[in-house]
Amino acid sequence: MPKSRIRKKADYTPPPAKQATAIKLNSRAWVAPVMLALFLIGLAWIVVFYVTDGSLPIDALGNWNIVVGFGFIAAGFGVSTQWK
């Protein structure tokens, strides 16, 4: 029985190495402190409102002081979207 021809396979050539590209991150060092500050201000606003039975931080706002406190907290979450 005749032998079949041996096909010569090309040697394995690994794909070219990808060049490491430097990722330039914008300086976002301000994000974490501002985010934490907004969280703490909102929390403190609500706590002061409850501890003083509604006479502080702003007496004229009444129960809207809670909305203001949660507004600070929501703003903190909004700033947190900028964190990389």
Side-chain angles (χ1 to χ4, degrees):
M1 182 170 198
K3 285 188 172 180
S4 63
R5 290 190 226 166
I6 299 175
R7 296 180 192 158
K8 184 175 180 186
K9 290 184 179 179
D11 292 332
Y12 173 74
T13 306
K18 294 182 180 179
Q19 295 291 332
T21 57
I23 299 173
K24 183 179 179 186
L25 295 177
N26 295 337
S27 177
R28 304 274 177 137
W30 58 272
V31 173
V34 170
M35 175 183 67
L36 292 176
L38 287 171
F39 286 155
L40 292 176
I41 290 170
L43 179 65
W45 194 287
I46 294 171
V47 168
V48 167
F49 175 72
Y50 277 117
V51 169
T52 62
D53 291 328
S55 62
L56 286 177
I58 300 176
D59 191 27
L61 289 178
N63 286 337
W64 285 96
N65 280 305
I66 297 171
V67 175
V68 172
F70 278 113
F72 278 112
I73 293 170
F77 279 113
V79 170
S80 71
T81 62
Q82 300 298 315
W83 195 2
K84 288 187 179 187

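Hydrophobic clustering of Ile, Leu, Val, Met, Phe, Trp and Tyr side chains at less than 4.5 Å, counting indirect connections, keeps Ile41 apart from Val47. Clustering ILVMFWY residues whenever any of their side-chain heavy atoms sit less than 4.5 angstrom apart, transitively, puts Leu43 in a cluster other than the one holding Leu36. Hydrophobic clustering of Ile, Leu, Val, Met, Phe, Trp and Tyr side chains at less than 4.5 Å, counting indirect connections, unites Val31 with Leu38.
Phe72 contributes atom CZ, which lies 13.0 Å from atom CZ of Phe39 (distance to the nearest 0.5 angstrom). The structure places CG of Leu40 at 9.5 Å from CD1 of Ile73, a figure rounded to the nearest 0.5 Å. Note that OG1 of Thr81 is 11.5 Å distant from CZ of Phe77, once rounded to the nearest 0.5 Å. Separating the CG atom in Leu56 from the CG atom in Leu61 is a distance of 12.0 Å, to the nearest 0.5 Å.
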Could you walk me through whether Trp45 and Ile66 satisfy the side chain to side chain contact (heavy atoms under 4.5 Å, CB included) test, starting with their C-alpha distance in whole Å, then the side-chain angles of each, then the deciding distance to 0.1 Å, before giving a yes or no? CA-CA 8 Å; Trp45 194 287; Ile66 297 171; over 6 Å; no

Decide yes or no on side chain to side chain contact (heavy atoms under 4.5 Å, CB included) for Trp30 and Val79, but give the supporting numbers first. CA-CA 10 Å; Trp30 58 272; Val79 170; 4.1 Å; yes

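Remark: Tyr50 pairs with no residue by the ring pair (Phe, Tyr, Trp, His ring centres under 6.0 Å) rule, at least two apart or across chains.
Here the side chain of Asn65 pairs no donor or acceptor atom with the backbone of Asp59 at under 3.5 angstrom.
Considering all non-hydrogen atoms of both residues, Met35 and Gly76 come closest at CG-O, 3.5 Å.
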